[in-house]
2 protein chains.
Amino acid sequence: MVKTSIKDIARAAGISHSTVSRALNDSPLVNAETKARVRRLAQEMGYSPDAAARSLVSGRTRTVGVVVTTVADPFVAVVVEGIERTAYAHGYSLILAASHNEPQREIAAVEMLRSKRVDSVIVTSSRVGALHQERLGSAGVPVILLNSHSQQQMPNAYSVRVDDVHGGRLATEYLLGLGHQRIAHVAGLEGHSDSNDRLDGYLSALAGAGIDYDPDCVVNGTGRLDGGPEVLRSLLALRERPTAVFCYNDMTAIGLLSAARNAGVAVPRDLAIVGFDDIPLAAHVAPALTTIAQPMFELGERAMSMALVLMGHQGIAPCDVTDVILQGQLIVREST
Amino acid sequence: MVKTSIKDIARAAGISHSTVSRALNDSPLVNAETKARVRRLAQEMGYSPDAAARSLVSGRTRTVGVVVTTVADPFVAVVVEGIERTAYAHGYSLILAASHNEPQREIAAVEMLRSKRVDSVIVTSSRVGALHQERLGSAGVPVILLNSHSQQQMPNAYSVRVDDVHGGRLATEYLLGLGHQRIAHVAGLEGHSDSNDRLDGYLSALAGAGIDYDPDCVVNGTGRLDGGPEVLRSLLALRERPTAVFCYNDMTAIGLLSAARNAGVAVPRDLAIVGFDDIPLAAHVAPALTTIAQPMFELGERAMSMALVLMGHQGIAPCDVTDVILQGQLIVREST
DNA sequence: TTGTAAGCGTTATCAT
DNA sequence: ATGATAACGCTTACAA
C-alpha cells in the first residue's frame with residue numbers, strides 16, 4: 001500500500017473514477033450500493049484524498065496561515081490555542097510560521113503562506129501589516145492583524161486587538177493612585193504598535209496627573225524573560241530612583257521581578273511592578289504579579305471567527321467586523 | 001491582480017509556459033535575457049507559485065505535520081520552537097494540529113496531515129503512536145514520536161525522547177537523599193508513556209531504598225496548572241502525610257505550589273516539591289522550583305533533524321537514528 | 001445512474 | 001533555446 005487514488009479504486013470496482021469521486025463526496029447521483037461498495041474499497045485500500053489536487057480545482061485549501069513572533073511566548077501560545085480551537089471546530093487547519101520579530105522573516109512567512117494558498121492569514125504583532133494587506137488583501141485573501149494596526153487606515157484592514165493605550169493608562173493610573181510619583185516604563189521591542197500604544201497610555205496617564213515626562217524613565221526591554229538584570233540596572237542607575245515600573249508585558253515584568261529578588265530589591269516595597277497580558281503563570285510567581293489582563297484566548301477566537309466570516313462562513317456582513325477592539329482589565333495582586 | 005499563473009506570464013511575454021517555468025526555476029536551458037524578462041514580469045504581476053500544483057507533480061510538499069497535545073503548555077511551546085527553527089533553516093513549513101489529549105483527535109489530526117501530504121510527521125506525547133507508524137510509515141511518510149514510545153517495538157518506529165524512567169528515579173532518589181521517607185507522586189494523564197515511565201522511575205527509586213510502595217501515595221494529576229487544589233487535598237487526606245512529592249511536570253508542581261501557599265502549607269518545610277521539565281518560568285516562581293530539566297528545545301531540534309534525515313536530507317544512514325534518548329538533569333532550587 | 005472529457009497550475013519529456 | 005504535450009489527482013460540466 002503506497003498511495004491510493006480514486007483511479008485505483010475505480011479500477012478495483014470496475015467503474016469510472018468520476019463515480020468514485022461522487023460516491024466519496026456523498027453525491028445523491030450515485031446508486032446506494034455502488035456508494036457503499038466504493039466506500040468499503042476506499043477504506044480497505046487505505047485511501048486518503050489528496051488535498052493538493054482537491055484544492056487545485058476547488059481553489060480553496062481549508063487552511064489558514066498564522067504568523068507569530070514565536071510560539072515560545074506564553075501570550076502567543078494562548079492566542080494560538082484560541083485560533084486553533086476555533087479553526088478546528090470549523091474544519092480548518094493551521095500553518096504556523098514564526099517571524100522572530102524580524103520584518104524580513106515576517107514577509108517571507110507571508111509569502112510562503114501565499115504560495116501555499118491559505119484561505120486567510122492571521123498575523124500577530126505584525127511590524128509590516130499594511131504590506132500584507134496590500135499584497136494578499138487585494139488578491140482576495142483576508143489578512144487579520146492581531147494586536148497590531150497599520151499606521152494608515154486601509155480599506156481592507158481587518159484587525160482584532162486589545163486597547164493598548166487604554167491598558168497602559170489603566171496600569172499607570174493605578175500606580176499613580178497608589179501614590180507613586182516617579183514611575184518608570186519598560187517598553188517592548190521597537191517597531192511594534194502594541195508597545196508604542198502602551199507607552200502612549202503611560203504618557204497620557206502621566207500627563208493627566210500633571211507629572212512631567214522624563215525620557216530617562218522609559219527604558220528599552222526585549223519582551224522576554226531574560227532582560228531582567230539589565231532593565232533593573234538601568235532603573236537603578238537613574239538619578240532619582242523610580243518607586244514603580246509599568247512593564248510592556250508579563251515576561252518582562254517577571255524577569256524584572258526575578259532580578260530584583262536577586263539584587264535584594266524588595267517588591268513591592270522598594271519597587272512596585274505592573275505587567276501586561278496576565279499569562280497563566282502571572283498569578284504563580286512571587287510576589288504574584290499585578291497586571292493588565294488581555295483576553296488572550298478570546299483574541300485568538302475572535303481573529304479566527306473574523307477570518308471565517310471573511311471567507312464567507314456565516315451570514316454576517318463583512319463590513320460589520322473590520323476592527324474588533326477588546327478592553328484589558330486591571331488585576332491587582334501582590335507586586336504593587 | 002487576482003491570481004497570476006505561469007500561463008499569464010507566458011501570454012504577457014509572448015512565449016510558452018514551459019519556458020516561463022524554466023526561467024523561474026533558473027534552468028540553464030533558457031536565454032539569459034528571456035530569463036530576465038520573465039522574472040521582471042513575474043515580479044510585476046505579483047506571481048506566486050502554486051505550492052499545491054507543484055507538489056502534485058513533485059510528490060513532495062516541503063511541509064511537516066506537528067501534532068501536539070496543546071500549544072498552551074510551556075513545555076510543548078519550546079519543543080515546537082525547536083522544531084520550527086530547524087524546519088525553517090531547511091526550507092520546511094509546519095502544519096500544526098492539537099490532540100487535546102484525546103486519542104480520537106490525535107488520529108483525526110494525523111489523517112488530516114496524511115491528506116495534506118506532509119513529508120513527515122512529528123507527534124508529541126502520542127497515545128497511539130504505533131497506529132500512525134503503521135498507517136503512515138508503511139506509506140513512506142516517516143513518523144517521529146517525541147516523548148512517547150510504542151509498546152511494541154516496530155520496524156519503522158522512530159522516536160526522540162528523554163529518559164523518563166531515569167528522570168523519575170533521579171527526582172525520587174534526590175528526595176530520598178534529603179531524608180524523606182514518605183514521598184508522594186502526582187502522575188500525568190493516563191495513557192501517556194512518559195507519565196508511566198516517570199512513575200516507574202519513582203517506583204524503582206523507592207524499591208532501591210527498600211521503601212514499601214503505598215498505592216495511595218500516587219495520585220492522579222492533569223498535567224495542568226489548575227489541578228493544584230485538588231491534588232493538595234488528596235495529599236493532605238492521606239493517613240500518613242507525605243513530606244515530599246514528585247510531580248509529573250512543572251505545571252502540576254507549580255499548581256500544587258500555589259495551592260500549598262494558599263492553604264498555608266510551607267514549601268519546602270512542610271512539603272518538598274520536585275517538578276519535571278524545567279520550563280522557562282520554573283526558576284521564577286516562589287519558591288523557585290526544583291525539577292528535572294528536559295532539553296526541550298533540543299528535543300524539538302532532534303526530532304526535526306531526524307525527520308530531515310528520513311526524508312533523505314543528509315548523508316546519514318537512516319538506521320543510525322531510530323531512537324534518540326536524551327538524559328534529563330536534576331536542577332536543585334528552593335522548593336526542596 | 002454512470003461515463004467521458006476538460007481543466008486546475010505545475011514540472012518534465014519529448015521534439016524541434 | 002523553445003514549444004507542444006502529457007502527467008500529477010481531483011471535481012465538474014456535459015453526454016449517454
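Order of the sequence lines fixes the chain letters, A, B, ..., with proteins taken first and strands second; residue numbering starts at 1 for each chain.
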Pair B:T69-B:N101, side-chain donor/acceptor within less than 3.5 Å:
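The answer is no; no qualifying pair exists.
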Verify whether one side chain among B:E106 and B:H100 offers a donor that lies under 3.5 Å from an acceptor in the other.
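Absent: no donor and acceptor within the cut-off.
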Students often get this wrong, so: under 4.0 angstrom with heavy atoms, is [X] touching a base, only sugar-phosphate, or nothing?
X     : value
A:S27 : nothing
A:T34 : sugar-phosphate
A:S5  : sugar-phosphate

When you get a sec, tell me which of [options] is the closest nucleotide to the side chain of [X]?
X     : options               : answer
B:L56 : C:dT10, D:dC8, D:dC10 : D:dC8
B:V57 : C:dT11, D:dG9, D:dG3  : C:dT11
A:N25 : D:dT11, C:dG9, D:dG9  : D:dT11
A:R22 : D:dT11, D:dG9, C:dG3  : C:dG3
B:T19 : C:dT2, D:dG3, D:dA1   : D:dG3
A:S16 : D:dA4, D:dC8, C:dT4   : C:dT4
A:S18 : D:dG3, C:dA5, D:dG9   : C:dA5
A:H17 : D:dT2, C:dT10, C:dA5  : C:dA5

For the backbone of A:T61 and the side chain of A:T63, can you confirm whether one donor and one acceptor N or O come within less than 3.5 Å of each other?
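Yes, A:T63 side chain to A:T61 backbone: donor-acceptor pair under 3.5 Å.
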Basic-acidic side-chain contact under 4.0 Å: B:E81, B:R85
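B:R85 and B:E81: salt-bridged.
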Starting from [atom2] on [N], measure out to [atom1] on [X] and report it in whole angstrom.
X     : N      : atom1 : atom2 : answer
B:I6  : D:dT2  : CD1   : P     : 15 Å
A:D26 : D:dT12 : CG    : P     : 14 Å
B:R54 : C:dC8  : CZ    : P     : 18 Å
A:I15 : C:dT4  : CD1   : P     : 12 Å
A:Y47 : D:dG9  : OH    : P     : 10 Å
A:R60 : D:dT11 : CZ    : P     : 13 Å
A:N31 : C:dG3  : CG    : P     : 11 Å
A:K7  : C:dG3  : NZ    : C1'   : 14 Å

Distance check: side-chain N/O of A:S58 vs OP1/OP2 of D:dT11, anything under 4.0 Å?
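Checking A:S58 against D:dT11: no side-chain N or O falls below 4.0 Å of OP1 or OP2.
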Closest non-hydrogen atom pair between B:L94 and B:A87, with its separation:
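That closest heavy-atom pairing would be CD1-CB, 3.6 Å.
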Would A:R105 pass as a cation-pi partner of B:Y88, given that its NZ or CZ must be under 6.0 Å from the six-membered ring centre and within 45 degrees of the axis?
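Yes; both conditions hold, so A:R105 lies above the ring face of B:Y88.
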Return the 5'-most residue of the pair B:R117, B:L29 with respect to DNA chain D, ranking by each residue's nearest nucleotide.
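Comparing both residues, the 5'-ward one is B:L29.
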